[in-house]
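Counting begins at 1 with the first residue of the sequence. Remember, predicted model here, so these are calculated numbers, not experimental data.
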Amino acid sequence: MSETIARETAREAIARAESAVQQERWLDALEAYRAGAELAENGDESGPARADALRGSAIVRMRLGAWQEAVRDIAESCLIAQRMGDERRLALAQNVRGAIEFERGNWEEAARRYAVAQIHAATVEDIPLLMEIENNEGALWAARGDRVRAEEHFRRALKRFEELERHPCGARVLNNLGMILASSGRYDEAEHAYARALAECKRCADLVLATTVMINRARLALAKDEPIRAHMLATTAQIFAERLENGPLAADAACLLGAVARSQRRWTEAGWHLAMALARSAGGRAPLT
């Protein structure tokens with residue numbers, strides 16, 4: 001451990017990791033979370049700080065596609081929270097474990113973890129966390145093709161968001177709801193949800209999610225047989241994704257540009273965009289992408 005890190009407290013290391021996460025510097029974030037977990041072992045707040053550092057580490061490892069390491073870290077975080085009798089940290093850990101299982105395709109296990117997270121979050125009446133769990137459950141049901149149940153979860157999450165007035169998770173809920181509405185052919189409702197999601201992204205300065213919303217609006221425009229608007233939105237999203245150096249997002253935008261070209265029977269252009277999408281899709285480390 002370097003001299004600079006040795007002077008840090010566990011909380012300072014965690015703050016450093018969170019800053020790196022905001023900038024999507026995943027390896028720097030992982031190093032800082034590992035430092036935080038190590039520093040917490042001998043600190044006054046050893047339990048809570050170590051649980052938080054390990055949970056953060058698990059999230060970063062999930063982003064990197066390191067599934068087994070992510071499961072290991074979140075399992076230890078959960079165990080620490082259990083020993084402390086900390087219901088909120090138990091809910092946070094189970095929610096992250098659910099997200100890990102969802103991302104790697106273990107959907108039954110993801111559903112079980114989200115249900116446990118709901119119980120712990122309800123025990124301490126943590127409304128923002130309950131909203132996040134509802135949103136995650138909605139995403140799970142959407143992936144399983146059950147639009148009705150997915151919409152129910154997103155609507156419940158949105159109701160909690162409106163009760164809170166403002167919360168960073170609100171944009172994600174609105175974006176997910178928009179996707180369900182679009183897939184059900186309710187295009188005007190979907191457009192309204194996307195517009196609200198984009199407004200929330202701007203308020204929170206969340207460029208990554210804003211780019212995702214733009215891609216989804218472009219997909220909606222294509223479904224409405226508006227290829228020119230779809231191409232404009234997808235091109236803008238691709239520019240943002242490239243600036244953010246976000247491979248999966250760039251892959252999604254390129255894939256959509258390929259779909260636009262294909263809809264107009266521009267086969268060579270479509271093939272080029274789809275080849276670019278494959279090249280930017282994180283080497284298979286993000287299965288859903």
Tell me, do [X] and [Y] make a side-chain contact under 4.5 Å, heavy atoms counted?
{"X": "E226", "Y": "M232", "result": "no"}
{"X": "R61", "Y": "D73", "result": "yes"}
{"X": "R88", "Y": "H120", "result": "no"}
{"X": "F161", "Y": "V173", "result": "no"}
{"X": "E134", "Y": "F154", "result": "no"}
{"X": "E200", "Y": "R203", "result": "yes"}
{"X": "W267", "Y": "R265", "result": "yes"}
{"X": "P48", "Y": "D86", "result": "no"}

Using modelled atom types and a 3.5 Å cut-off, is there a donor and acceptor pairing between side-chain atoms of [X] and backbone atoms of [Y]?
{"X": "Y114", "Y": "E109", "answer": "no"}
{"X": "R147", "Y": "S183", "answer": "yes"}
{"X": "T212", "Y": "V208", "answer": "yes"}

Checklist entry - Where do R113 and E101 land on the salt bridge (Lys or Arg N to Asp or Glu O under 4.0 Å) test, with the steps shown first? => result CA-CA 9 Å; R113 297 290 179 168; E101 299 302 339; 5.8 Å; no
In one Ile/Leu/Val/Met/Phe/Trp/Tyr side-chain cluster, 4.5 Å: [X], [Y]:
{"X": "V96", "Y": "V116", "value": "no"}
{"X": "V71", "Y": "I80", "value": "no"}
{"X": "L181", "Y": "L158", "value": "yes"}
{"X": "L92", "Y": "L79", "value": "no"}
{"X": "L256", "Y": "M276", "value": "no"}

Of the non-hydrogen atoms in [X] and [Y], which two are nearest, and what is the gap between them?
{"X": "L90", "Y": "Q82", "value": "CD2-N, 3.8 Å"}
{"X": "F102", "Y": "A110", "value": "N-CB, 3.7 Å"}
{"X": "A277", "Y": "C255", "value": "CB-N, 3.7 Å"}
{"X": "G178", "Y": "A190", "value": "O-CB, 3.5 Å"}
{"X": "A142", "Y": "A150", "value": "N-CB, 3.6 Å"}
{"X": "N175", "Y": "A197", "value": "N-CB, 3.8 Å"}

Rounded to the nearest 0.5 Å, how far apart are [atom1] of [X] and [atom2] of [Y]?
{"X": "N136", "Y": "C169", "atom1": "CG", "atom2": "SG", "answer": "7.0 Å"}
{"X": "K224", "Y": "L222", "atom1": "NZ", "atom2": "CG", "answer": "12.0 Å"}
{"X": "L54", "Y": "I59", "atom1": "CG", "atom2": "CD1", "answer": "11.5 Å"}
{"X": "R280", "Y": "D252", "atom1": "CZ", "atom2": "CG", "answer": "12.0 Å"}
{"X": "W141", "Y": "W107", "atom1": "CH2", "atom2": "CH2", "answer": "11.0 Å"}
{"X": "R160", "Y": "L129", "atom1": "CZ", "atom2": "CG", "answer": "10.0 Å"}

Item to check | Donor-acceptor pair between Q94 and Q118 side chains, under 3.5 angstrom | outcome: no
Checklist entry - So, R219 and N216: side-chain donor and acceptor under 3.5 Å apart, yes or no? => result yes
Checklist entry - Checking salt bridge (Lys or Arg N to Asp or Glu O under 4.0 Å) for the pair R155/E152: CA distance, chi angles, key distance, verdict? => result CA-CA 5 Å; R155 294 285 184 191; E152 287 173 357; over 6 Å; no
Next on the checklist: Is there a side chain to side chain contact (heavy atoms under 4.5 Å, CB included) between N135 and M131? Walk through the geometry before answering.
Outcome noted: CA-CA 6 Å; N135 177 61; M131 185 179 95; 5.9 Å; no
Checklist entry - Could you walk me through whether I74 and I100 pass the side chain to side chain contact (heavy atoms under 4.5 Å, CB included) check? => result CA-CA 9 Å; I74 201 60; I100 292 168; 4.0 Å; yes
Checklist entry - Under the salt bridge (Lys or Arg N to Asp or Glu O under 4.0 Å) criterion, do D52 and R11 qualify, and how do the steps go? => result CA-CA 9 Å; D52 294 345; R11 287 296 172 195; 2.9 Å; yes
Checklist entry - Please walk me through it: do E31 and R16 pass side chain to side chain contact (heavy atoms under 4.5 Å, CB included)? => result CA-CA 10 Å; E31 186 274 338; R16 183 162 59 87; 3.2 Å; yes
Checklist entry - Can R50 and E76 be said to form a salt bridge (Lys or Arg N to Asp or Glu O under 4.0 Å), step by step? => result CA-CA 9 Å; R50 185 167 173 81; E76 187 176 349; 2.8 Å; yes
Using a 6.0 Å cut-off, check whether atom [atom1] of [X] has over 12 heavy atoms from anything other than its own residue.
{"X": "R144", "atom1": "CZ", "value": "yes"}
{"X": "R34", "atom1": "CZ", "value": "no"}
{"X": "Q23", "atom1": "CD", "value": "yes"}

Checklist entry - Are T211 and N246 close enough, and set up right, to give a side chain to side chain contact (heavy atoms under 4.5 Å, CB included), and what steps lead you there? => result CA-CA 10 Å; T211 304; N246 188 307; over 6 Å; no
